[in-house]
Amino acid sequence: MSTIADNISTLAERIHRAAETAGRDPASIKLLAVSKTKPAAAVREAFAAGLRDMGENYLQEALGKQVELTDLPLTWHFIGPIQSNKTRAIAEHFDWVHSVDRLKIAQRLSEQRPETLEPLNICIQVNVSGEDSKSGCTPEELPALAAAIAALPRLRLRGLMAIPEPTDDRAAQDAAFAKVRDLQASLALPLDTLSMGMSHDLESAIAQGATWVRIGTALFGARDYGQP
Ligand SMILES: *Cc1c(COP(=O)(O)O)cnc(C)c1O
């Protein structure tokens, strides 16, 4: 087995164990492979080992990989910060966007989603860790933003996404993810998705209801942000 295939089976075990501990069906938790900074060859290996959903943060990098991988039936998720001038390409080349945190971006994605494609699946990124995190709407902004996005014709609002402040304290992890779950439950909308949990905190996220865990390091190894 390749390292990536090995890592996938280790992750499947972690997800399975966390689901059982939480009394949840392991099949209700999906693994999103976060392939940022990793080459197309690594994505191809993950595909060969059974993964179909790939998450990317940087548009140009993602578009390049998509071109190299057109022969594979992959589902692409955009999970990074979104500038207005990137919305058209995102609307045209992705199936999901997990990182919508303001209405202007959602409106552009809806307007620019090609009629030939299914509505774009959307998660609203919410900031549950306070001031220092720049991405995500505030819990106070969420109800109005969710209602407005749910009304946009070419989008399908699926749920919430969050990246809590990293911590090894399990109680703090649980508190942050529980807040996301409770925020979702407080919206009177038919939502089925909680995108939360990364390599270091997926157990906590699953305990609090995650349906997508977004995994980079534990799947592809450490990222190298060194010289281009
Ligand atoms: C990089 C990234 C991940 C994956 O993080 P790991 O700790 O490497 O598993 C998940 N979600 C988002 C939004 C990311 O940017």
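Atoms within a ligand are numbered from 1 in the order they appear, just like the ligands themselves. Everything quoted here is computed from the prediction, not taken from an experiment. When a residue number appears, it is its place in the shown sequence, counting from 1.
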Q: Indicate the ring-plane relationship of His98 and His77, choosing parallel, tilted or perpendicular according to the 30° and 60° boundaries.
A: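 The arrangement is tilted - the two ring planes meet at 30° to 60°.
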Select one of side chain, backbone, both or neither to describe which atoms of [X] lie under 4.0 Å from any atom of ligand 1, heavy atoms only.
{"X": "Thr217", "value": "both"}
{"X": "Lys36", "value": "side chain"}
{"X": "Ile163", "value": "side chain"}

Test item: [X] side-chain N/O and [Y] main-chain N/O as donor-acceptor pair under 3.5 Å:
{"X": "Asp101", "Y": "Gly136", "result": "yes"}
{"X": "Arg24", "Y": "Ile206", "result": "yes"}
{"X": "Arg14", "Y": "Ser199", "result": "yes"}
{"X": "Ser204", "Y": "Asp174", "result": "yes"}

Q: Answer yes or no: does an N/O atom from Ala218 fall short of 3.5 Å to an N/O atom of ligand 1?
A: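 Ala218 vs ligand 1: no N/O contact under 3.5 Å.
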Q. Looking only at distance, does His200 have an N or O less than 3.5 Å from an N or O of ligand 1?
A.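 By distance alone, the answer is no.
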Shortest protein heavy-atom distance from [atom], along with the residue and atom involved:
{"atom": "atom 10 (C) of ligand 1", "result": "Met198 SD, 3.2 Å"}
{"atom": "atom 9 (O) of ligand 1", "result": "Ser199 OG, 2.5 Å"}
{"atom": "atom 11 (N) of ligand 1", "result": "Arg214 NE, 2.9 Å"}

Q.
Using a strict threshold of under 4.0 Å (side-chain N to carboxylate O), is an ion pair present between Arg156 and Asp95?
A. no
**Q.** Of the listed options Ile79, Val213, Val34, closest to atom 12 (C) of ligand 1 (non-hydrogen atoms)
**A.** Ile79
Q) Just wondering, more than 12 heavy atoms not from Asp192 lying within 6.0 Å of its CG? A)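 Count over threshold, so yes.
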(Q) Let me confirm one number: the NZ-CD distance from Lys65 to Gln60, rounded to the nearest 0.5 Å. (A)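 Between Lys65 NZ and Gln60 CD, I get 12.5 Å after rounding to 0.5 Å.
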Q: Considering the heavy atoms of Ile215, write down every atom of ligand 1 situated less than 4.0 Å from one of them.
A: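 Numbered from 1, ligand 1 contributes 9 (O).
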**Q.** Asn57 neighbourhood, listing ligand 1 atoms whose heavy-atom distance to it stays under 4.0 Å
**A.**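 Checking each atom against Asn57, I get 14 (C), 15 (O).
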